[in-house]
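Scroll down for the structure; my scribbles are underneath it.
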Amino acid sequence: MKAIVDCNSFYCSCERLFEPQLDQKPVVVLSNNDGCIISRTDEAKALGVGMAGPYFKAKNVIEQNSVSVFSSNYNLYGDLSRRVMQTLKEMVGENNVEVYSVDEAFLSLGEFANSNSDQLAMDIRKTVERWTGIKVSVGVAPTKTLAKLANYLAKKDKAITDCVTVLDTQQKIIHALKITDVKELWGVGRQYADKLKGLGICTAWDLYNLSEEWAHRCLGGVVGVRLIKELHGEESIIMEKELVNKKMIATTRMFGAPVASLNDIKEAVATYTSRAAEKLRRQQSAASVINVFVVPKEPSQTGRFRHGPSIGSHSILSTPSALTQDLIKPALQIAERIYEQGRSYKKAGVILSGLVPDNSIQANLFEPPSKNMGRYLMEMMDNINFSMRNDVVKFASSGTKRNWKMRQEFHSPRYTTRWEELYEVH
DNA sequence: TCTGGGGTCCTAGGACCC
DNA sequence: TCTGGGGTCCTAGGACCC
């Protein structure tokens, strides 16, 4: 049996942990740049605050109902996430936990669940809450896709389920499929949902009854086949062992306000490159390809604001590198190349790919001393920036004025990861 | 006026090779 | 001049996830 453990309104729950007077009160957390609502509590949902909707559209409702608003505080959420995952590992064994996202983990229950899945699932839910203060929902079923379905049902009707749903018999599974809209299934997004609806396939049960051959033809090839198999209880999406290294590392941001000057664009690109290079060194990789892109301000013709047209170009490094200074140089050259005088831009990004293990440590002996200096410099910068304040030490090309910096008007303290912001009890 | 920031996998098609 | 039937590798783009 598989389980999925999913934190309820995770970012909001993290904020509430340090402001307990907000329990039972509506809370929302905004995306970077305070643009979208990316987490909301049940109370906010009941007021009609949309998920993943733009903040400005919900602003009236939010102000009229005194909804508490926070900018996203990823230092805090990341730390609390680690505590939740650690709890799960202690309960079912490290090797049986697959961290799927910051607020979700799959568990392989194996023999733990043979007799009493309900009891085990409830035990997990209660223990995580007791140890970390974070409420979670648990779904249990034979496959990951069905476990996700169970979890969806657990969250949908918390008063009845107490945040736990177990689908351990064929009858329960069939009933769950029949009462669930096909668009709620894991692996069915907007495009497929619309397509399926058009064909008269409305419930998960309707999809269950289609053949693998049909899914291969109409639902993205092998991806669709896996979905059908999973619904039938056949494990087709396997558990990943340990968190493997990223194959691509990106740092991209909207600007706080549109940016027109090349200088500001270059500062932003240098800053994002530094951040991406830090992530690169953290997983001990080096990059061989660097991609820089900008998104002009003009609204997209398609009306889809998300995947608006971006203008970018890439550069291939002669030697893969993890040193910020090696990456900033080509990044800035690309920025100059793609920038057009007279336009203004709302976003820029840096993507590192072609990642390989960073073997420059071993190569040290054979390198000129200047290269070794580069490594020491990086280590020192990373350590200082990690233990003190972000960007105490940075490259001059990152700038000091930061005209492009994103908006964050409602930021809470990093209670658990910065000494000077520790929660105080008087 | 104001709409995030990451990631993954898969497929099709082109370039190139023998 | 005629010209088959494989392979592989890479990239762009589409779909999905949180």
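Per chain, numbering begins at 1; letters A, B, ... match sequence-line order. Side chains are part of it too, since the values below use all heavy atoms of this structure and drop only hydrogens, waters and symmetry mates.
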Can you tell which of [options] lies closest to the side chain of [X]?
X	options	result
A:T251	B:dG6, B:dC9, B:dG4	B:dG6
A:S101	B:dT3, C:dC18, B:dG5	C:dC18
A:Y192	B:dC9, B:dC10, C:dA15	C:dA15
A:P54	C:dC18, B:dC10, B:dT3	B:dT3
A:W186	C:dC17, B:dT3, B:dC10	C:dC17
A:S31	B:dG4, C:dC18, B:dG7	B:dG4
A:K297	B:dC2, B:dG5, B:dT3	B:dC2
A:Y100	C:dC18, B:dC2, B:dG6	C:dC18

Distance under 6.0 Å and angle within 45° of the ring axis: does A:K297 meet both against A:Y345?
->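 No; the conditions do not both hold, so A:K297 does not lie above the ring face of A:Y345.
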Tell me the interatomic distance from [X], atom [atom1], to [N], atom [atom2], rounded to whole angstroms.
X	N	atom1	atom2	result
A:E104	B:dG6	CD	P	19 Å
A:R275	B:dG7	CZ	P	13 Å
A:I38	C:dC17	CD1	P	18 Å
A:K195	C:dC16	NZ	P	10 Å
A:L227	B:dC9	CG	C1'	15 Å
A:R190	C:dC17	CZ	P	12 Å
A:M248	B:dC10	CE	P	16 Å
A:K346	B:dG4	NZ	P	7 Å

For [X], answer base if it contacts any base atom (sugar-phosphate contacts may also be present), sugar-phosphate if it contacts only those atoms, and nothing otherwise; contact means non-hydrogen atoms under 4.0 Å.
X	value
A:L219	nothing
A:D34	nothing
A:L30	nothing
A:N32	sugar-phosphate
A:V188	sugar-phosphate
A:S72	nothing

With sequence neighbours left out, write down each residue that passes side chain to side chain donor-acceptor pair (under 3.5 Å) with A:E340, or none if nothing qualifies.
->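 Expected list: A:R343.
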Got a sec, which residues hit side chain to side chain donor-acceptor pair (under 3.5 Å) with A:N33, two or more places apart in sequence or on another chain?
->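 Per chain and number, A:N33 pairs via side chain to side chain donor-acceptor pair (under 3.5 Å) with no residue.
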Which sits closer to the 5' end of DNA chain B, A:R253 or A:R407, going by the nucleotide each is nearest to?
->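 Result of the comparison: A:R407.
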Of A:Y74 and A:G221, whose closest DNA chain B nucleotide lies nearer the 5' terminus?
->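 It is A:Y74, whose closest nucleotide lies nearer the 5' terminus.
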Salt-bridge contact A:K144-A:E98 (side-chain N to carboxylate O under 4.0 Å) |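 Salt bridge: yes.
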Do NZ/NE/NH1/NH2 and the carboxylate oxygens of A:D162 and A:R125 come within less than 4.0 Å?
->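 A salt bridge links A:D162 with A:R125.
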Test item: side-chain donor near acceptor, A:T41 and A:E43, under 3.5 Å =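 Indeed, the side chains of A:T41 and A:E43 share at least one donor-acceptor pair under 3.5 Å.
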Determine whether the side chains of A:Q408 and A:N32 contain a donor N or O and an acceptor N or O closer than 3.5 Å.
->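 On atom types as modelled, these side chains qualify, holding a pair under 3.5 Å.
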Under 4.0 Å between a side-chain N or O of [X] and OP1 or OP2 of [N]?
X	N	result
A:R226	B:dC9	no
A:K279	B:dG6	yes
A:K347	B:dT3	no
A:K246	B:dG5	no

Decide if atom NZ of A:K126 counts as having more than 12 heavy atoms of other residues, nucleotides or ligands within a radius under 6.0 Å.
->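 Counting neighbours around NZ of A:K126, 12 or fewer heavy atoms of other residues, nucleotides or ligands fall under 6.0 Å, so no.
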Got a sec: does the CD of A:E63 have more than 12 other heavy atoms crowding it under 6.0 Å?
->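 Yes.
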Pick the C1' atom in C:dT3 and in B:dC17, then give their distance to the nearest Å.
->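 Taking atom C1' in both C:dT3 and B:dC17, they lie 16 Å apart.
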Five-pair end axes of the helix from B:dG5-C:dC18 to B:dC18-C:dG5 and the angle they enclose, rounded to 10° =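 Here the local axes at opposite ends form an angle of 10°.
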